[in-house]
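Here the structure is laid out as C-alpha cells; the discussion comes afterwards.
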Amino acid sequence: MIIRKISERRRKARKTRRKILKWAIITSRLILVLLVIFILFLLGKFALSKFIPARSIAVVEAHFTEVPFTISCRGLIFRKEKIFTSALEGVLHQIATDGQKVKKGDTVARVYNYELESTLKKRRMEIKQNGVKLHLSRFRHLSRWKIMDNTLVFSLNKKIDKFRENLLDFKLDDSRSVEKEIEEIVLKRQGLKEEHRKYQMEMSNKIDMLVKENGNIINTLQKDVSSNFTAEYDGVVSYYFDGYEEKLSPDSILKSPLWTTPKIELSPMKIRNGQKVGTGSQIFKLIELPYYILTRVSSDNKDYLETREDRVIMFPEYHTQIAGSVEKVYDKGLQSSELLVVLASRQLENPLLIKREVSMEILLSKVNGVSLPKTSRVEKNGEVGVYIVDHDKKAKFLPVRVKVEDGNQFILEGLKDGALVIVDSRDITEGMAVTVKQ
C-alpha cells in the first residue's frame, strides 16, 4: 500500500515536470519570436531612416500678438508749392532748414551781397575823407579871406583918415588921389567878397553832393545789399526743385480722378547754404499743408478705406512713417477692380521733399492673432487649418479660425505660442515624418 502511494506520487511528479518543461519551451519560443520581430522592426526602421529619410521642411514659429494689417502700394505726391526768387545777387543764407515747418511771417532765408557791401563801404570811406578835405579847405579859405579882408579894411580906414585930413587942410588934389585909392580898396573888397561867396557856394554844392551820395549808399546798403525772405503762409520749407512744382497740383485730383498716371522723371536740384545766387534765381519753395498722395488699391479693401479715420502710412524704403487720412475714394464699380484713393497728411518728412512717387504701406487695421504666410493654409474636410510639427517630428493637421486674409498673409486664432507651422503645405500629409530646417 505504501509502495503504491509512493509510485503514484512519483508518476504525478513526472507528469508535472513534463508540463512545466512544455510551457517553458513554449514560452522560450514565444520570447524568441518576439525578440526576432523586435530585431526585424529595428532593422526595418534603421533601413527606412537610412534609405528613406524624413522630409526636410521650413517652419515658422507661431506667436500670438497684435498684427498690423497693411496693404502695399505705389503713391503719387500732389502738393501746392510757391517758389521764391531773389531780386539781387549775393550769397544765400538759409535760416530755416530743409523740411522745417514755418509760420506766416517767419524769416526763411537771406541773400547778402558781400562784394557790393565792400564796394559801397569803400566809397563811403572815400566820401568821408573827401568831406573832411572840403571842410578843411573851406576853413583855410575862410581864414585867408578874413586876413585879406581885414588887411583891406585896415588900409581903407587909414585912407579914410588921410582923406579927412586932406579935406580939413583943403588939400583938394591930394584928397582926390586918396579918394581914388579908397574906391580901389572898396572894389577889391567887393571882388574878394564875391570870390569868397562863389567859393563857399561851390564848396557847399560839393559837400551836399557828397551827403546825397552817402545817403544813397546807406539806402543801397539797407535795400540792395541784403534781402530777407519771409513765409507768406504756414508751410514747410524745401530747397529742392524738380520742375513739377506747379504741374502736380492737388486741385486736379480733388476735382476729378486721375486714372492715367503721368510719367515722372526727376532730376532734382538743391539750393545749398552759402551758394552764390543771381537776380531771379530760385531761393526756396514753400509747401502748403496738407499735401496729398494718390494711390491705387484693390477694391477688396473698399470697406476699410471708405472711413475717414486717421491712418498710418509707412515708407519702408526710408524707414519712416506719417499720419494721414483718406480724403477721397474714386471707384469705377464693375468696370475696374481698382480704387483710386486720395490720402491727405499734414506731416511731411524729409525724404518726401524730393519725391513725387513713393512705395508705401497703408495700415488698415490691427488684429490680435498669429500672422502666417498664405502658403501654409490648408483646407481639409471642409475645415481651414495648418500643418504643425508635433513632438514625434511628424506633420499634424490643426484646425484654425481665420480672422483676416489678404494676398500674402492671413491672421488666425487657434494656435499655441511656439507651435512650429509648416510654411509650404503642398504635398504634406497627416503623420508624415519631417525634419525641421535650421
Side-chain angles (χ1 to χ4, degrees), residues 66-81 98-99 236 238-245 247-250 252-254 257-270 285 287-332 336-367 371-375 404-411:
E66 188 179 56
V67 182
F69 181 47
T70 64
I71 53 173
S72 299
C73 48
R74 189 83 176 161
L76 187 63
I77 298 175
F78 290 77
R79 57 200 182 204
K80 185 178 179 180
E81 302 163 304
D98 204 55
V236 177
S238 174
Y239 296 99
Y240 287 93
F241 297 90
D242 54 23
Y244 291 92
E245 278 71 30
K247 294 179 181 178
L248 297 179
S249 171
S252 59
I253 57 168
L254 292 176
L258 192 68
W259 294 101
T260 303
T261 304
K263 187 177 181 181
I264 305 297
E265 295 181 357
L266 290 183
S267 297
M269 174 189 68
K270 185 178 182 182
K285 64 183 179 184
I287 301 172
E288 187 175 359
L289 298 177
Y291 66 101
Y292 302 90
I293 303 176
L294 177 69
T295 185
R296 283 177 166 80
V297 299
S298 171
S299 57
D300 296 338
N301 301 304
K302 186 176 181 180
D303 293 339
Y304 290 100
L305 295 168
E306 283 188 335
T307 59
R308 290 205 172 192
E309 61 186 31
D310 289 342
R311 302 281 177 188
V312 175
I313 307 171
M314 296 166 285
F315 303 93
E317 184 180 355
Y318 306 110
H319 307 288
T320 187
Q321 65 182 37
I322 61 172
S325 61
V326 178
E327 187 72 15
K328 207 165 187 178
V329 177
Y330 296 107
D331 185 5
K332 274 190 174 182
S336 175
S337 60
E338 286 184 327
L339 299 175
L340 282 179
V341 180
V342 181
L343 301 162
S345 178
R346 291 186 172 274
Q347 185 181 351
L348 185 59
E349 298 295 326
N350 274 330
L352 304 181
L353 290 174
I354 54 175
K355 292 293 179 180
R356 297 292 177 176
E357 285 186 283
V358 286
S359 297
M360 60 185 187
E361 293 181 3
I362 306 173
L363 179 64
L364 297 183
S365 64
K366 289 186 178 180
V367 182
S371 176
L372 294 175
K374 209 168 181 180
T375 54
V404 178
E405 186 173 357
D406 67 0
N408 300 316
Q409 66 175 346
F410 69 115
I411 301 166

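Predicted model only: the values in this text are computed from it and were never measured. Values below: every heavy atom of this structure, side chains too, minus hydrogens, waters and symmetry copies.
- Residues satisfying the side-chain hydrogen bond (donor to acceptor under 3.5 Å, both in side chains) test with E81, not counting sequence neighbours, are R79, K285, R356.
- For K355, the side-chain hydrogen bond (donor to acceptor under 3.5 Å, both in side chains) test picks out Y318, with sequence neighbours left out.
- Listed for the S298 side chain is no donor-acceptor partner under 3.5 Å among the backbone atoms of E338.
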Donor-acceptor contacts, no H, no angles, side chain residues 262-270, under 3.5 Å, sequence neighbours left out:
from	atom 1	to	atom 2	distance (Å)
K263	NZ	E265	OE2	3.4

Just distance, no hydrogens or angles: give the donor-acceptor pairs under 3.5 Å from side chains in residues 340-347, sequence neighbours left out.
from	atom 1	to	atom 2	distance (Å)
S345	OG	A323	O	2.8
S345	OG	Q347	N	3.1
S345	OG	Q347	O	3.3
R346	NH1	L289	O	3.4
Q347	OE1	A323	N	3.1
Q347	NE2	E349	OE2	3.0

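- Between I362 and C73 the shortest heavy-atom distance is CD1-SG, 3.8 Å.
- Using a 4.5 Å heavy-atom threshold, the side chains of I354 and D242 count as separate.
- Residue R311 is tested with I322, V326, L363 for a side-chain contact (heavy atoms from CB on, under 4.5 Å); the sole match is V326.
- Interatomic distance, E66 CD to K366 NZ, rounded to the nearest 0.5 Å: 5.0 Å.
- Rounding to the nearest 0.5 Å places OG1 of T295 at 10.5 Å from CD of E357.
- The main-chain N or O of P250 is never found under 3.5 Å from a side-chain atom of K80 such that the two would form a donor-acceptor pair.
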Next item on the list: Test side-chain contact (heavy atoms from CB on, under 4.5 Å) on T70 and V312 and set out the steps.
Entry: CA-CA 9 Å; T70 64; V312 175; over 6 Å; no
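- Between L305 atom CG and L364 atom CG the span is 5.5 Å, to the nearest 0.5 Å.
- With sequence neighbours left out, S365 forms a side-chain hydrogen bond (donor to acceptor under 3.5 Å, both in side chains) with no residue at all.
- Nearest heavy atoms, S325 versus D310: CB-OD1, 4.1 Å.
- Taking CZ of F69 as the start and CG of N301 as the end, the distance is 5.5 Å to the nearest 0.5 Å.
- In terms of heavy atoms, S238 sits closest to D98 at CA-OD1, 3.4 Å.
- In this structure, L76 CG and Y244 OH are separated by 10.0 Å, a value rounded to the nearest 0.5 Å.
- If you take CD1 on I77 and CG on L348, they are separated by 7.5 Å, rounding to the nearest 0.5 Å.
- Checked against side-chain hydrogen bond (donor to acceptor under 3.5 Å, both in side chains), N350 has no partners two or more places apart in sequence or in another chain.
- Of all the heavy atoms in G243 and E245, the pair that sits closest is N-OE1, 3.0 Å.
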Margin query: V236 vs Y291, test: side-chain contact (heavy atoms from CB on, under 4.5 Å). Steps then yes/no.
Written below: CA-CA 11 Å; V236 177; Y291 66 101; over 6 Å; no
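- Taking 4.5 Å as the limit, some side-chain heavy atom of F78 sits within range of a side-chain heavy atom of S252.
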